[in-house]
Amino acid sequence: MDDGYLVLMDARGRRHWVPPADGVVRVDGLGAVDATRIRASVGRRIEIGGRPFLVLRPSLEDALGSLEREAQTIGAKDIGALLLRIGAGPGARVLEAGTGSGSLTMALAHAVGPAGALVSCDLRREAIDVARRNVERAGLAGRVDFRVADVRKGVPDRDLDAIVLDIPDPWAAVPAAWDALRPCGHLATFSPNMEQVKETAKALRAKPFVGVRTIEVIEREMEVRDVGVRPSHAALGHTGYLTFARKVLDTF
Ligand SMILES: C[S@@+](CC[C@H](N)C(=O)[O-])C[C@H]1O[C@@H](n2cnc3c(N)ncnc32)[C@H](O)[C@@H]1O
């Protein structure tokens, strides 16, 4: 995330993205600003139009938190648990469907690194267009092979290390996922409803998969101050269930 956008953060924590250019550029919410002055002030406080801002290099979480949305996204709390459990690391070969707004796409592209390979499929070209813009802004362009495809109808790729399904009927893509994974490769699905989880588990048990399990990740923010440190009153909202399995060639 070092080679591109910068973020101007105001005193309330609101973030404005500054495109990777010098001279006068347009920034959403602020209008025309001097990008050259901003680029020379990373980590510092500057005044723009009489208001103070901190100039920050965006983190991956900044990018996830401010992406252009066109579908429900997977957020940071679920992404963290998912990446670890599918072993998404440098050099991994991963496929995901659907792309949606590209929130998970950005995290996967970041995790597999330049030596890895990420294929991202969606039925809809509009979703891919939005996701492509989000991935570019995060400085991860070139790491994702976007495809308009229905993952239930088959995946041409083989020997993948991991597949992630965030589609309404992931169970319908389980046979194609098994074919495309390498032995011991990871499959993960993200579903908001228990009915989806049940169907998915049934499909996984009908194929040689091991370690079939489902979790819900619950995250609570703490309010840390001089007196009265306690969990935030913000509601514990439901996002979705993560189901995991690993492909094997034989079963007991
Ligand atoms: C909830 S969104 C995915 C959000 C995405 N994971 C993110 O974090 O931004 C679901 C997407 O799956 C796509 N989709 C639905 N069925 C599909 C299928 N069979 N193959 C590929 N994409 C599919 C939809 O078009 C939609 O964009």
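Scope of the values below: all heavy atoms of this structure, side chains included, with no hydrogens, waters or symmetry mates. We're numbering straight along the sequence, starting at 1. In listed order, ligands and their atoms are each counted from 1. This is a predicted model, so every value here is computed, not measured.
Each of Arg51, Arg45, Arg44 was evaluated against Glu47; a single residue qualifies, Arg45, per the salt bridge (charged side-chain N to carboxylate O under 4.0 Å, His left out) test.
Side-chain contact check for Leu64 versus Thr73: every heavy-atom pair is 4.5 Å or farther apart. Taking the side chain as every heavy atom from C-beta outward, Leu104 and Asp166 never approach each other to under 4.5 Å. With contacts defined as side-chain heavy-atom distances shorter than 4.5 Å, the pair Leu242/Arg85 does not qualify.
Judged by distance alone, with hydrogens and angles left aside, the side-chain atoms of His238 form a donor-acceptor pair with the main-chain N or O of Pro192 at under 3.5 Å. Between the side chain of Asp161 and the main chain of Val94, no donor-acceptor pair closer than 3.5 Å is present. Panel note: side chain Asp122, backbone Gly98; no donor-acceptor pair is recorded below 3.5 Å.
For atom 19 (N) of ligand 1, the nearest non-hydrogen atom from the set Val130, Asp122, Asp150, Leu165 comes from Asp150. Atom 3 (C) of ligand 1 has its nearest heavy-atom neighbour, among Asp166, Thr73, Leu67, in Asp166. Of the candidates Leu123, Leu108, Thr105, it is Leu123 that places a heavy atom closest to atom 22 (N) of ligand 1. Distances from atom 20 (N) of ligand 1 to the heavy atoms of Asp169, Val151, Val155, Ile74 put Val151 nearest. Here atom 1 (C) of ligand 1 lies nearest to Gln72 when heavy atoms of Glu96, Gln72, Glu126 are compared.
For Arg124 and Glu70, the salt-bridge test passes: some basic side-chain N is under 4.0 Å from an acidic carboxylate O. With respect to Asp150 and Arg152, a salt bridge is recorded, a charged nitrogen being found less than 4.0 Å from a carboxylate O.
The shortest N or O to N or O distance between Ala97 and ligand 1 is not under 3.5 Å. Residue Ala71 has no nitrogen or oxygen atom sitting less than 3.5 Å from a nitrogen or oxygen atom of ligand 1, judged on distance alone.
For ligand 1, the atoms sitting less than 4.0 Å from at least one non-hydrogen atom of Leu104 are 7 (C), 8 (O), numbered in the order shown with element in parentheses. Short contacts between ligand 1 and Thr99, defined as distances under 4.0 Å to a heavy atom of the residue, involve ligand atoms 5 (C), 7 (C), 9 (O). Atom numbering of ligand 1 starts at 1 in the shown order; those under 4.0 Å from a heavy atom of Ser101 are 9 (O). Atom numbering of ligand 1 starts at 1 in the shown order; those under 4.0 Å from a heavy atom of Arg152 are 19 (N).
When only non-hydrogen protein atoms are considered, atom 14 (N) of ligand 1 lies nearest to Ile167 CG2, 3.7 Å. Looking from atom 15 (C) of ligand 1 to the surrounding protein, the closest heavy atom is Pro168 CD, 3.5 Å. Residue, atom and distance of the protein heavy atom nearest to atom 12 (O) of ligand 1 are Gly98 CA, 3.4 Å.
The minimum heavy-atom distance between Ala180 and Asp157, with the atom names listed, is CB-O, 3.3 Å.
Under a 4.0 angstrom heavy-atom cut-off, Ala149 registers as being in contact with ligand 1.
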